[in-house]
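Quantities reported herein were computed from a predicted structural model and do not represent experimental measurements. Reminder, nothing fancy here: chain letters follow the sequence lines and each chain counts from 1.
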Amino acid sequence: MTTTPADPAPPDAAQERFDATIARGDRIEPRDWMPDGYRRTLVRQIAQHAHSEIIGMQPEGNWIGRAPSLRRKAILLAKVQDEAGHGLYLYSACETLGVSRAELTEMLLSGRQKYSSIFNYPTLSYADVGTIGWLVDGAAICNQVPLCRTSYGPYGRAMIRICKEESFHQRQGYELLMTMTRGTDGQRAMVQESVDRFWWPSLMMFGPPDAESPNSARSMAWGVKRNSNDELRQKFVDMTVPQADALGVTLPDPDLRWNEERGHYDFGEPDWTELAEVIRGNGPCNEQRMAHRRAAHDDGAWVREAATAFAERSAARAREEAR
Amino acid sequence: MSDDLLNSDLGGVFDGLAGGGDSSQWAFGTGFEDPLAGVDTTVPDGVAGADLAAYCLMLGDDALVMSQRLSEWCSRAPDLEEDIALANTALDLLGQARLLLTRAAAADPGAVPALPEGSPVPGEDALAFFREAGEFRNVRLAEVPNGDFAHVVVRLLLFSVARLALLERLRASTDGVLAAVAAKGAKEVTYHRDWAGRWFLTLAQGTEESRRRLLAALDALWPLQSEMVTAHPLETSLAEAGVGVDPASVRGEVDAVLDQVLAVSGVDRPDRAPLAGIGGRTGRDGMHTEALSRMLAEMQVVARAHPGGRW
């Protein structure tokens, strides 16, 4: 972080005002005083979200060139373009905390900031485009809808727009799978295989179990995060099972069954060692995703330099003419 | 956080999951409807359906192949804004291609490749995914492989200057579908041309490296430019019938626009002869570069593996 706005009030009074704002459930705005830890937590979370949108363009982008109908090609291209747009709003929200997009990009490329581990899984068939929409975007929405009421104003407002678009993407993904299951046997098998592959990684998108989630408690106290990992994971499972039934696919969990007493579905334990490995950098696509992003950034360096040089020259010429 | 609050938060988001909802704010052509629903698709008097279809394929294949190449840039552009702009351009051209291919299929069902009986594949997709390279009617400028960012800027400039001039005149077509596609397309291609023109100037006057790369791209692509403004006999005859536009008739206008961009950028017009055809045959006749069949192999692979597939 390069610029931290100067503290406008004595910390004690400012801290009280901040605490009161959080307690009332009101928003903190960019010019308000905020504790450094709050600022750092937000930068970490918003940046990670922005990076996820940008890296998330790759697994689906992998199929734009091979989309099997022109309508599907248009839907997919528009979706991946929306992800770039989400990245833009989130980087902008992050900039209100005093970090530039260039610095954030650098932190992504150097591996100091992370992105969602789900994007370190490969897309191996066209059904994955639908499954990502249904399960991955579905899980993301469960995580993100509560963030529309997050305590930091610019983040919450960006999330409102993003959630609307994500829910449209989820509907399109589900609709693709529904259409494919009404097609040939080969297409139905493709859908089932894809769901088998993405089910557990989707459950892992909510993060480790609450007992092992180190940053959760503080984020919840600050109103940055509003629901625990396990609460959201349960919500996602409860919501998804009936959708899977409607689709006619099986979710690959022998322990999945309705629990009358709890009023929720019971489900099995995801493989947390796999999640740890993927986070550690050993996932199926970690290196590929980063290499792709670095190559795009490096290949574009001369263009960004040219644009800067051109803008400077134009500005100098304008000053010259004004004299 | 109470469960009720969570439920109310998530409620509305999932209501529309299996259908319904307003999708009008989304990119054109991504909806769930027939792109030509409600448009009069009667073939105008004095034109053979097969000729109209072939003409639609020329304009439609230009857009489709160009869109495919542009979409290869997705997630690879120098900056997020340029990634979005290139995807947007690819989407616009894809939308134009869909209407034109659908028009071709309606004007001449015989032009649509035969698929297994009962296949649900619509005409536009049968044309896009089940034709061989030699049946594509696009200019070769659209199909050559991508290079660096200067290459995409130059290609889009040469392509959109000529396509815009053509579409502006095609608004007056006696074919209602072509006139409608042209009116919508002209607005889109105006934006594409302006984007490419702005970047052409920026790269020409940016750094030594950007200028060197721009000149190299211009030199490589210039021989492919004249095909955009050279008439195929079919284009000439459809222009005479008031349905199409003779691309040779817009050559002067295209030259003038390009000269203006070159002059502002301080770049000389390349001294390069047009790329020859084979026995006088070029892209419009189905005579392509080696790159097209390779591009189509990727584009068509999933569709061809499932000729009875429903997408």
Side-chain heavy atoms of Trp302(A) within contact of Ser210(B), under 4.5 Å: yes
Interchain contact, Ile55(A) with chain B, by part (heavy-atom threshold 4.5 Å): neither
Can you tell me which portion of Phe149(B) sits under 4.5 Å from chain A's heavy atoms? Options are side chain, backbone, both or neither. both
Heavy atoms, side chains only, cut-off 4.5 Å: are Leu80(B) and Arg101(A) in contact? yes
Between Gln81(A) and Ile84(B), is there a donor-acceptor pair closer than 3.5 Å when you use the side chain of the first and the backbone of the second? yes
Considering all heavy atoms of both residues, which atom of Cys74(B) and which atom of Ile64(A) are nearest to each other, and what is their separation? SG-CD1, 3.8 Å
Per-residue tally against chain B (heavy atom, under 4.5 Å) across Arg182(A), Glu83(A), Gln58(A), Lys73(A) peaks at Lys73(A)
Close side-chain approach of Leu70(A) and Leu94(B), heavy atoms under 4.5 Å: yes
Going by heavy atoms in the side chains, are Arg66(A) and Met299(B) under 4.5 Å from each other? no
Output the option from Val302(B), Asp148(B), Leu64(B) having the highest count of non-hydrogen pairs under 4.5 Å with chain A. Val302(B)
Given side chains that start at C-beta, do those of Phe310(A) and Leu203(B) come closer than 4.5 Å, heavy atoms only? no
Are the side chain of Gln187(A) and the backbone N or O of Arg310(B) linked by a donor-acceptor pair below 3.5 Å? yes
Atom group of Ala128(B) that falls short of 4.5 Å from chain A, counting heavy atoms: side chain
Check: His292(A) side chain, Ser75(B) main-chain N or O, donor-acceptor pair, under 3.5 Å: yes
Taking Gly206(B)'s backbone N and O only, do any of them form a donor-acceptor pair with Arg313(A)'s side chain (distance below 3.5 Å, no angle check)? yes
